[in-house]
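Remarks on the structure that follows.
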Amino acid sequence: MPSAARHDKLLFFSLVPSAVTLLGMLAAVIVVVLNGSWRSIADFGLDLFSKSVWIPGAERYGLLGPLIGSITSSLIAVAVSLLLSLSFSIFASDILRGRARDLASSLVELMGGMPTVIYALWAAQYLAPALRDFLMAPLHGYLGFIPLFSEEPVTGYSVFTAGVAMGVATVPYVSFLMTEAYSILPSTYREACLGIGASRLETAKILLSLCRPALLASLLLGLARAMGETTIAAMTVGNSMKVTACIIASGYTVPALVASQFGDASLYVYSESALYAASLVILSAALALSFVGLSLLSRWRSRILV
């Protein structure tokens, strides 16, 4: 027994440095972003977040357009991911059996392992033209009087295209969380539904209502992940600083702005600091969403598995 206790202590102390290093890295990232963004926030104030302009030569900066673009594209991504992930979760859990289920799950996991640049190339070459011709153009033609579809799609590169592409790329992550939540429900719930004569559809509705907090947590975590997507956004959003309510028009996101402007930012006084300030907003939002999502998921698991 004393020997086992020594081994437990040895294991504990051997893991402490890694855990502390990991937490230290997170703290270091936050400190670096805060320190880098302070200069532009102090000198420009609220104008940095209430205007949309990027003219480094004139030292004029405003991040409103990219911030709105990040939020809008991420919400679109979550909507797309919800539709695809929830459908797959129910299909894999209730309909597929045996090897078919394993194959479908493996294919979705394979999607999660694909580099995001592959999704970006697919979206830029095929998704954007398809959405422009078969969805955006009809929406503009018939519903152009609505601000959401008021601008004519020319290239197909837009906030909407970026959101759809990011939603597809986020599906493996969100569907894993949803499938896990749906499948770990105690079998007594399913048996009770079948015992009272509920159909498969009615059973699925009841089970989904039971894991609603977990589904919400999955969406919050997916939203946090989508807000930081860089390659897909940079290649499909259109990279325009204008602020518009039209989702089929070109826009910008914070990750795309940082990716396209950081290389030359050191040549100007405030450019690099403004990019840090934009990153600070996205970092804060992602951390908050992740914290809320993980808290919801943890509380739901402890309650449902009692």
Inset, instruction - May I ask you to test the M136-T161 pair for a side-chain heavy-atom distance under 4.5 Å? - result: yes

Inset, instruction - Take atom CZ of F49 as the centre, draw a 6.0 Å sphere, and report whether it contains more than 12 heavy atoms from other residues, nucleotides or ligands. - result: yes

Legend entry - Any side-chain heavy-atom pair of R190 and L185 under 4.5 Å: no

Legend entry - L26 and L22, any side-chain heavy atoms less than 4.5 Å apart: no

Legend entry - Where L121 and M235 come nearest, the two heavy atoms and their spacing: CD2-CE, 3.6 Å

Legend entry - Partners meeting side chain to side chain contact (heavy atoms under 4.5 Å, CB included) with V258 (sequence neighbours left out): V254, F262, L275, S279

Legend entry - Note, V168 side chain near Y119 side chain (heavy atom, < 4.5 Å): yes

Legend entry - side chain to side chain donor-acceptor pair (under 3.5 Å) pairs, two or more places apart, involving residues 49-59: W54-Q261, E59-Y61

Inset, instruction - For S175 and V108, work out which heavy atoms get closest and say how close. - result: OG-CG1, 3.5 Å

Legend entry - Pairwise side-chain contact, V171 with F88, heavy-atom cut-off 4.5 Å (strictly under): no

Legend entry - Hydrophobic cluster (4.5 angstrom, side-chain heavy atoms) - remaining members for L107: L103

Inset, instruction - Answer whether the closest heavy-atom distance between the side chains of V32 and Y276 falls below 4.5 Å. - result: yes

Inset, instruction - Would you check if there is a donor-acceptor pair between the side chains of S298 and S295 at a distance under 3.5 Å? - result: no

Inset, instruction - Would you mind reporting whether H140 and P153 have side-chain heavy atoms less than 4.5 Å apart? - result: yes

Legend entry - CD1/I196: more than 12 non-hydrogen atoms of other groups inside 6.0 Å: yes

Inset, instruction - Keeping the roles fixed (side chain from S81, backbone from V78), state whether a donor-acceptor pair exists under 3.5 Å. - result: no

Legend entry - Derivation of the side-chain contact (heavy atoms from CB on, under 4.5 Å) call for S70 and I282: CA-CA 8 Å; S70 293; I282 296 300; 4.0 Å; yes

Legend entry - Validation row: M241, P66 side chains within 4.5 angstrom (heavy atoms): yes

Legend entry - Taking every non-hydrogen atom, the tightest pair across A245 and L148: O-CD2, 3.3 Å

Inset, instruction - Quick one: do L221 and S290 satisfy side-chain contact (heavy atoms from CB on, under 4.5 Å)? Show the steps, please. - result: CA-CA 5 Å; L221 293 172; S290 298; 4.2 Å; yes

Inset, instruction - Mind running side-chain contact (heavy atoms from CB on, under 4.5 Å) on E229 and T170 for me, showing each step along the way? - result: CA-CA 10 Å; E229 175 54 47; T170 310; over 6 Å; no

Legend entry - Within 6.0 Å of CZ in R132, more than 12 heavy atoms from elsewhere: yes

Inset, instruction - For atom CZ of R212, decide whether the heavy atoms of other residues, nucleotides or ligands shown that lie under 6.0 angstrom number more than 12. - result: no

Inset, instruction - Using distance alone, with no hydrogens and no angle criterion, decide if T179 and S89 have a side-chain donor and acceptor under 3.5 Å apart. - result: yes

Legend entry - Shortest non-hydrogen contact between I232 and A169, atoms and distance: CD1-CB, 3.6 Å

Inset, instruction - Please check if V292 and L219 belong to a single hydrophobic cluster, counting links between Ile, Leu, Val, Met, Phe, Trp and Tyr side chain heavy atoms closer than 4.5 Å. - result: yes

Inset, instruction - For A198 and T203, work out which heavy atoms get closest and say how close. - result: CB-OG1, 3.7 Å

Inset, instruction - Begin with the C-alpha distance, continue with both residues' side-chain angles, and end with the deciding distance and a verdict on side-chain contact (heavy atoms from CB on, under 4.5 Å) for L63 and L257. - result: CA-CA 9 Å; L63 303 171; L257 178 69; 3.9 Å; yes

Legend entry - Shortest non-hydrogen contact between T253 and S73, atoms and distance: CG2-OG, 3.7 Å

Inset, instruction - Verify the neighbour count for atom CZ of R97: are there more than 12 heavy atoms of other residues, nucleotides or ligands below 6.0 Å? - result: yes

